[in-house]
Amino acid sequence: MRLTFQDPGLGYSIDSILEFLTGDQSDYWKSPLFYFYPQLDRTRFEALPPKEQAVYLKDALQGVYDSAPIAQKLESYQSHWEDNRSVVEEALSDAFGLDPGALYNDLVVNVTLNSISPRYLQERRFDVFYLNSPKGALGVSLHEMVHFLWFYVWNRHFGDSFAEYETPHLKWVLSEMAVESIMRDERLRARNPYFESGCVYDYFYQMRIDGAPILDTLNKMYHAAPIESFMEQSYAYCLTHKKEIRAQMR
């Protein structure tokens, strides 16, 4: 796989941030921005109309962007990825039964002011927060690379719509949980500084179905079958327990 880390500019960062501050997004997505940028007045921001919110963020974060060592981060993130690339590709190849380098040799990683790291499957890009260390940037990238390969295999197997691969669809929920099983591979685990503290959303670690942690149940399925069979069986399991999963996510 080839990752190209780049600086998309302040305007891109603002647009990326606003994706998580508008509409019916929960506080889970909104609060990190105000934690990392205490100079922002949340009450004032939320009282503004949408167009003025963008202007407010640009004015408030222009100085942050101008002083951020993004050029140095691009270099260090890229170098750390290249140092680990061959081992990561080997692990992902074993997990998905394909050659990840041949499929994804043009992934763009935008280094932004957004503390949340959205992905764009069909556009073959995702975001990484500029305050990450090189190891942290690799950890985030591993999570997203798993998603790209997961949905490549999923789409090839099921032939369904990419529109169903994002929140709030159950296929998205399953993909987020499945990352944990794949990341347990020691080759990936050792390169992900976020694994021990949590490489998937917090509520999945607390989620129990039929008295058992759902991540442990899925992990047993993952190791018992080829990837396509695991996808079929795990999705059937999630469909059966859809109401319980949704309730515990809330």
Side-chain angles (χ1 to χ4, degrees), residues 3-42 45-46 48 50 53-54 56-58 60-62 64-65 68-70 73-74 77 81 107-148 150-151 162-163 165-169 171-180 183 192-206 249-250:
L3 305 186
T4 301
F5 292 85
Q6 68 176 27
D7 175 8
L10 177 60
Y12 180 97
S13 284
I14 299 302
D15 290 342
S16 180
I17 289 170
L18 285 170
E19 287 187 37
F20 298 91
L21 295 180
T22 57
D24 59 353
Q25 298 283 7
S26 71
D27 196 61
Y28 181 90
W29 301 107
K30 294 178 179 180
S31 60
L33 177 75
F34 302 97
Y35 170 81
F36 283 107
Y37 304 112
Q39 66 269 41
L40 296 175
D41 184 327
R42 182 168 183 174
F45 171 83
E46 292 180 342
L48 293 171
Q53 287 180 335
Y56 175 76
L57 290 180
K58 184 178 184 302
L61 299 179
Q62 182 71 61
V64 175
Y65 175 77
I70 293 181
K73 290 299 182 85
L74 295 178
Y77 292 176
W81 159 245
L107 287 175
V108 171
V109 188
N110 288 313
V111 179
T112 79
L113 302 190
N114 189 0
S115 60
I116 299 167
S117 301
R119 67 173 180 273
Y120 307 89
L121 293 171
Q122 292 183 285
E123 297 175 31
R124 303 169 85 91
R125 62 182 171 90
F126 59 92
D127 295 358
V128 165
F129 190 29
Y130 87 100
L131 286 180
N132 269 294
S133 66
K135 290 182 178 179
L138 178 58
V140 173
S141 298
L142 289 173
H143 182 110
E144 301 308 334
M145 284 187 279
V146 168
H147 280 303
F148 277 92
W150 172 272
F151 283 118
F162 272 75
Y165 300 165
E166 302 298 343
T167 182
H169 294 281
K171 293 173 185 178
W172 170 81
V173 175
L174 171 59
S175 77
E176 292 293 343
M177 291 191 287
V179 165
E180 206 269 348
M183 206 69 72
N192 186 352
Y194 299 123
F195 183 85
E196 299 302 332
S197 60
C199 64
V200 298
Y201 296 121
D202 296 344
Y203 44 72
F204 291 134
Y205 291 101
Q206 310 302 322
M249 285 176 67
R250 287 196 294 271

Step-by-step side chain to side chain contact (heavy atoms under 4.5 Å, CB included) determination, Met177 to Val200: CA-CA 7 Å; Met177 291 191 287; Val200 298; over 6 Å; no
Heavy-atom nearest pair, Ala60 first then Val64, reads O-CG2, 4.5 Å
Measure the spacing between NZ of Lys58 and CD1 of Ile14 and express it to the nearest 0.5 Å. 8.0 Å
Does Ser13 reach the main-chain N or O of Leu113 with its side chain, forming a donor-acceptor pair under 3.5 Å? yes
What closest approach, in Å, do Leu121 and Tyr165 show between heavy atoms, and which atom pair accounts for it? CD1-CB, 4.0 Å
Quick one: list whatever passes side-chain contact (heavy atoms from CB on, under 4.5 Å) with Glu123, sequence neighbours left out. Tyr120, Arg125
What is the minimum heavy-atom distance between Trp172 and Met249, and which atoms define it? CZ3-CE, 4.0 Å
What distance do Ile17 atom CD1 and Gln53 atom CD have between them, rounded to the nearest 0.5 Å? 12.0 Å
Quick one: do Asp127 and Tyr12 satisfy side chain to side chain donor-acceptor pair (under 3.5 Å)? Show the steps, please. CA-CA 10 Å; Asp127 295 358; Tyr12 180 97; 2.7 Å; yes
Please evaluate residues Leu33 and Arg42 with respect to the criterion side chain to side chain contact (heavy atoms under 4.5 Å, CB included), reporting the C-alpha separation (whole Å), side-chain torsions for both, the decisive distance (0.1 Å), and the verdict. CA-CA 9 Å; Leu33 177 75; Arg42 182 168 183 174; over 6 Å; no
Would you please classify the geometry between the Tyr77 ring and the Phe5 ring as parallel, tilted or perpendicular, with 30° and 60° separating the classes? perpendicular
Please report the closest heavy-atom contact between Asp41 and Tyr56, naming both atoms and the distance. N-OH, 2.8 Å
Does Val109 form a side chain to side chain contact (heavy atoms under 4.5 Å, CB included) with Gln6? I'd like the steps, not just the answer. CA-CA 6 Å; Val109 188; Gln6 68 176 27; over 6 Å; no
Test side chain to side chain contact (heavy atoms under 4.5 Å, CB included) on Glu166 and Arg119 and set out the steps. CA-CA 10 Å; Glu166 302 298 343; Arg119 67 173 180 273; 3.6 Å; yes
With a cut-off of 3.5 Å and sequence neighbours excluded, list every side-chain donor-acceptor pair involving residues 132-148.
unit_1: Asn132; atom_1: OD1; unit_2: Tyr194; atom_2: OH; d: 2.3
unit_1: Asn132; atom_1: ND2; unit_2: Phe129; atom_2: O; d: 3.3
unit_1: Ser133; atom_1: OG; unit_2: Lys135; atom_2: N; d: 3.4
unit_1: Ser133; atom_1: OG; unit_2: Gly136; atom_2: N; d: 2.9
unit_1: Ser141; atom_1: OG; unit_2: Ala137; atom_2: O; d: 2.8
unit_1: His143; atom_1: ND1; unit_2: Cys199; atom_2: O; d: 3.0
unit_1: His143; atom_1: NE2; unit_2: His147; atom_2: NE2; d: 2.9
unit_1: His143; atom_1: NE2; unit_2: Glu176; atom_2: OE1; d: 3.1
unit_1: His147; atom_1: NE2; unit_2: Glu176; atom_2: OE1; d: 3.4
unit_1: His147; atom_1: NE2; unit_2: Glu176; atom_2: OE2; d: 3.2

N/O donor-acceptor pair under 3.5 Å between Lys73 side chain and Tyr130 backbone: yes
Quick one, Phe20 and Pro32 - any side-chain contact, counting heavy atoms below 4.5 Å? no
Plane angle bin for Trp29 and Tyr201 - parallel if under 30°, tilted between 30 and 60°, otherwise perpendicular: perpendicular
Interatomic distance, Ile116 atom CD1 to Tyr28 atom OH [nearest 0.5 angstrom]: 8.5 Å
Separation between CG of Leu131 and CG of Asn114, rounded to the nearest 0.5 Å: 11.5 Å
How many angstroms lie between atom CG of Leu40 and atom OH of Tyr35, to the nearest 0.5 angstrom? 14.5 Å
When you compare the side chain of Val111 with that of Leu74, does any pair of heavy atoms fall below 4.5 Å? yes
To the closest 0.5 Å, what do you measure between CG (Leu21) and CG (Leu57)? 6.5 Å
